[in-house]
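The shown structure was predicted, so the numbers you read here are calculated from the model rather than taken from an experiment. One-based numbering, in listed order, for ligands and for the atoms of each.
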Amino acid sequence: MSAADWLEQGLPHIWLPYTQMQTTPPPLPVASTKGSRITLADGRELIDGIASWWTACHGYNHPHIAQAVRGQLDKMPHVMFGGLAHEPALTLARRLAALLPDPLERVFFCDSGSVAVEVAMKMSVQFWLNQGFTGRTKFLSFRGGYHGDTFACMSVCDPEEGMHSLFAGALAKQIIADLPVDEASEAAFDRLLAAHAEELAAIVVEPLAQGAGGMIFHGAEVLQKLRRAADRHGILLIFDEVFTGFGRTGTMFACESAGVVPDIVALSKALTGGTMGLAATIASRKIFEGFLSDDPLHALMHGPTFMANPLACAAANASLDLFEQEPRLAQAAAISEALKLGLAPCRDFPRVKDVRVLGAIGVVELDRIDDMNGLKRRFVEAGVWVRPFRNIVYLTPALTIGEGELKCLTDAVVAVVGERARGS
Ligand SMILES: *Cc1c(COP(=O)(O)O)cnc(C)c1O
């Protein structure tokens, strides 16, 4: 079947994510990927500026990951994780625990970032239930945050971006605060926390960089403040590092550079180097010990069918090998400098509100984007795969991207944003 055929025959049966299917042009058929390149069915090549939703940190088709998955496929593609164990998962758990700051040491595997956050939330509530606190069932989260698309996750997302009004009545009501970044927001945060402390299971935050909610950055001191506040009120602290994990903000995990240790951390996105779905919720010793008792109902009540899939764990182990063997964090630092230089010209454009860079994340914030489909088309015409959202154009390339390819990306952003800003 040609690409034209499978696209035409399949499209009437596919439902695309976050897509108004009546007005959005059809997706682009892809033939293959390699490194930072996406080859379309018609032969055109796009340089990928966003590493497939921030997952492909080593670029596409890294041979080391491919080889690990192939080897695992021959041995055992999958086996259930209840009552049975396998080397890829136990090795991965040990390695993740070693990479994360002490006392984060217990790894629960699942399939997606949303479910990893759900598990972190469930873990928090059940932790308190197990200690006899029945009233600690709510969460405090932040404006600008994004934690996934399932119902519990939606309830802790930014109220507008998370579509709280759209789903009003179906979502649990949580406490949503502004991140305490200045005196006014700190005072408001302290008041909210004091008013709701007794009913809170945990505070949920994306450390250092809020991703899908708007690519908004904050400093380590904000997280240190959250840690102190959580401790003062005896509330748990959850870091959602689904976006920030694995080098994106410049260190392996954002919690490292922030110098703050959460009680629970959620990882996914780049965990398998962008090859397949896998996620992990990692808890501290204290949280884990809160589930130890003679009572079977005190066990963590969660168990996805495909949890710890051996193929995905083999991919993740191979991805961690690459972080050990290749200079990923140095590459992230070089990307950071290139993004700062390359995107700087956007500062002078009339409709640009802000240009900011953190680690391997480069952001151009506009006052607004009117013709989103047109803007996306312009980027494809410019030979790059960049997916602006809301009023944000951003780059989160593979950490392995070549210098020349990165320059093509920043040049394309400057050119396309420039022509928009001038109203052409
Ligand atoms: C993408 C993302 C999620 C959701 O992950 P899925 O794999 O899409 O379910 C949760 N939290 C953050 C910070 C994310 O960036």
Side-chain angles (χ1 to χ4, degrees), residues 15-19 50-57 108-124 139 141-159 161-163 171 174 176 179 202-218 222-223 226 237-249 252-255 258 262 264-282 302 304-309 312-313 315-316 319 358-361 363 387 389-390 392 394-397:
W15 205 331
L16 296 167
Y18 286 113
T19 304
I50 59 168
S52 271
W53 274 334
W54 328 329
T55 59
C57 54
F108 186 94
F109 287 113
C110 59
D111 318 309
S112 73
S114 299
V115 176
V117 173
E118 291 266 340
V119 169
M121 293 173 76
K122 191 190 271 192
M123 235 175 221
S124 308
F139 295 87
S141 62
F142 298 97
R143 267 187 206 90
Y146 174 79
H147 300 287
D149 289 349
T150 55
F151 274 86
C153 294
M154 277 198 291
S155 77
V156 289
C157 285
D158 180 274
E161 288 305 298
M163 298 164 288
L171 292 182
Q174 314 291 10
I176 315 280
L179 270 172
I203 297 171
V204 188
V205 68
E206 291 165 272
L208 298 186
Q210 294 177 304
M215 296 287 167
I216 309 160
F217 307 145
H218 56 263
V222 173
L223 301 168
L226 296 185
L237 182 61
I238 299 171
F239 277 5
D240 177 352
E241 292 226 30
V242 170
F243 171 44
T244 55
F246 303 103
R248 188 50 66 187
T249 68
M252 193 63 171
F253 301 105
C255 63
I264 304 174
V265 62
L267 301 174
S268 185
K269 292 229 157 79
L271 175 56
T272 64
T275 54
M276 58 191 102
L278 182 69
T281 308
I282 300 102
H302 208 90
T305 305
F306 277 99
M307 76 180 289
N309 171 256
C313 290
S319 174
L358 174 69
I361 312 167
V363 182
R387 297 287 284 178
F389 64 95
R390 224 166 64 198
I392 303 286
Y394 74 93
L395 295 174
T396 50

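- We find the CG-CZ distance between Asn309 and Phe109 to be 11.0 Å, quoted to the nearest 0.5 Å.
- Applying the 4.0 Å criterion to heavy atoms of Ser114 picks out, from ligand 1, the atoms 4 (C), 5 (O), 6 (P), 9 (O).
- For ligand 1, the atoms sitting less than 4.0 Å from at least one non-hydrogen atom of Ser112 are 7 (O), 9 (O), numbered in the order shown with element in parentheses.
- Scanning all heavy atoms of the two residues, the minimum distance from Ile361 to Val363 falls at CG2-CG2, 4.0 Å.
- Residue Lys269 has at least one N or O atom closer than 3.5 Å to an N or O atom of ligand 1.
- Between Tyr394 and Phe389, the distance separating the two ring centers is shorter than 6.0 angstrom.
- The shortest side-chain heavy-atom distance between Arg248 and Lys269 does not fall under the 4.5 Å cut-off.
- Contact atoms of ligand 1 toward His147: 10 (C), 11 (N) (distance under 4.0 Å to a heavy atom of the residue).
- Aromatic pair Phe253/Phe246: ring centres closer than 6.0 Å.
- Each of the following atoms of ligand 1 lies closer than 4.0 Å to a heavy atom of Gly113: 4 (C), 5 (O), 6 (P), 7 (O), 9 (O).
- The heavy-atom pair separating Pro17 from Trp53 by the smallest distance is CG-CH2, 4.0 Å.
- We find the CE-CG distance between Met307 and Asp111 to be 9.0 Å, quoted to the nearest 0.5 Å.
- Per-residue contacts place Glu206 under 4.0 angstrom from the following atoms of ligand 1 (heavy atoms of the residue considered): 13 (C).
- Below 4.0 Å from some heavy atom of Asp240 lie the following atoms of ligand 1, by number and element: 10 (C), 11 (N), 12 (C), 13 (C).
- For ligand 1 and Gly148, the ligand atoms under 4.0 Å from any heavy atom of the residue are 4 (C), 10 (C).
- Within the 4.0 Å heavy-atom shell around ligand 1 one does not find Trp53.
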